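First up is the structure itself, then whatever we jot down about it.
Just so it is clear, the structure is predicted and the values come from calculations on it, not from any experiment. Protein chains get the first letters and strands the later ones, always in sequence-line order, with residue 1 at the start of each.
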Amino acid sequence: MMNYWLLKTEPSSFSFTDLVKARVTGWSGVRNYQARNILRDGMKRGDRALIYHSSAEPTAVMGEAEVVREGYPDPTQFDPDDDHYDPDSPPDAPRWFQVDVCALRALPHPVTLERIKRAPKLKDMLLIRRGMRLSVQPVTSAQYEEIVKLGKSPP
DNA sequence: GCCAACGTTGGC
DNA sequence: GCCAACGTTGGC
């Protein structure tokens, strides 16, 4: 049973292009408990994820990725030189987790937030729920397929 | 456990 | 840069 997700990233720090270049990447730096629970318990090998650019021009789903390693402790929480260092995370019971993802393919036409808001089939996406800021969130298979379909044609 | 103050996210 | 809508922290 495959699950579907959406991962937000700010392209100024890590873009979908960076993911393509890196091939396999640890999705590190998530510091929200709800998102942590999804990374630790929800995401399974083979699951698919939409990669979304936030705080970008335009804000849009850029491409697809696959989960290639399930949740394990995010090493950046123990690195004092890292922006996401968490001195309160116990090494024997790490607080923050990450998965590894691999880029699958770019959408030929990135699906902008504006377009998502206009698509009737996408009206229930968590992404466009008011105040919904989760950086790791579930999507339904129908929502996932609709985004991929929209991404094949210009707006 | 309540809740005010504070910090963060993220669209605009 | 603004600010709404959160989430977190910490005094009580």
A:Ile128 atom CD1 is separated from C:dA4 atom C1', nearest whole Å, by 18 Å
For the residue pair A:Ser15 / A:Asp18, report whether a side-chain donor-acceptor contact shorter than 3.5 Å exists. yes
A:Lys8 atom NZ is separated from B:dG11 atom P, nearest whole Å, by 6 Å
A:Glu57 atom CD is separated from B:dC12 atom P, nearest whole Å, by 10 Å
Using the ring centroid of each side chain, check whether A:Tyr72 and A:Trp96 are separated by less than 6.0 Å. no
Ranking B:dC12, B:dG10, C:dG7 by distance to the side chain of A:Lys117, first place goes to B:dC12
In whole angstroms, the gap separating P of B:dG10 from CG of A:Leu6 amounts to 11 Å
> Do A:Arg133 and B:dT8 share a donor-acceptor pair, side chain to base, under 3.5 Å?
Replying inline: yes
Taken to the nearest whole Å, CG/A:Asn32 to P/B:dT9 is 9 Å
In whole angstroms, the gap separating P of B:dG11 from CE of A:Met125 amounts to 12 Å
Taken to the nearest whole Å, CG/A:Leu127 to P/B:dC12 is 10 Å
* To do: Mark yes when over 12 heavy atoms from residues, nucleotides or ligands other than A:Glu145 sit less than 6.0 Å from its CD; otherwise mark no.
  => yes
Atom CD of A:Gln137 and atom P of C:dC6 are separated, to the nearest Å, by 13 Å
query = For A:Tyr33 and C:dT9, is the shortest distance between a side-chain N/O and OP1 or OP2 below 4.0 Å?
reply = no
Cationic N near anionic O, under 4.0 Å, A:Arg45 to A:Glu70:
no
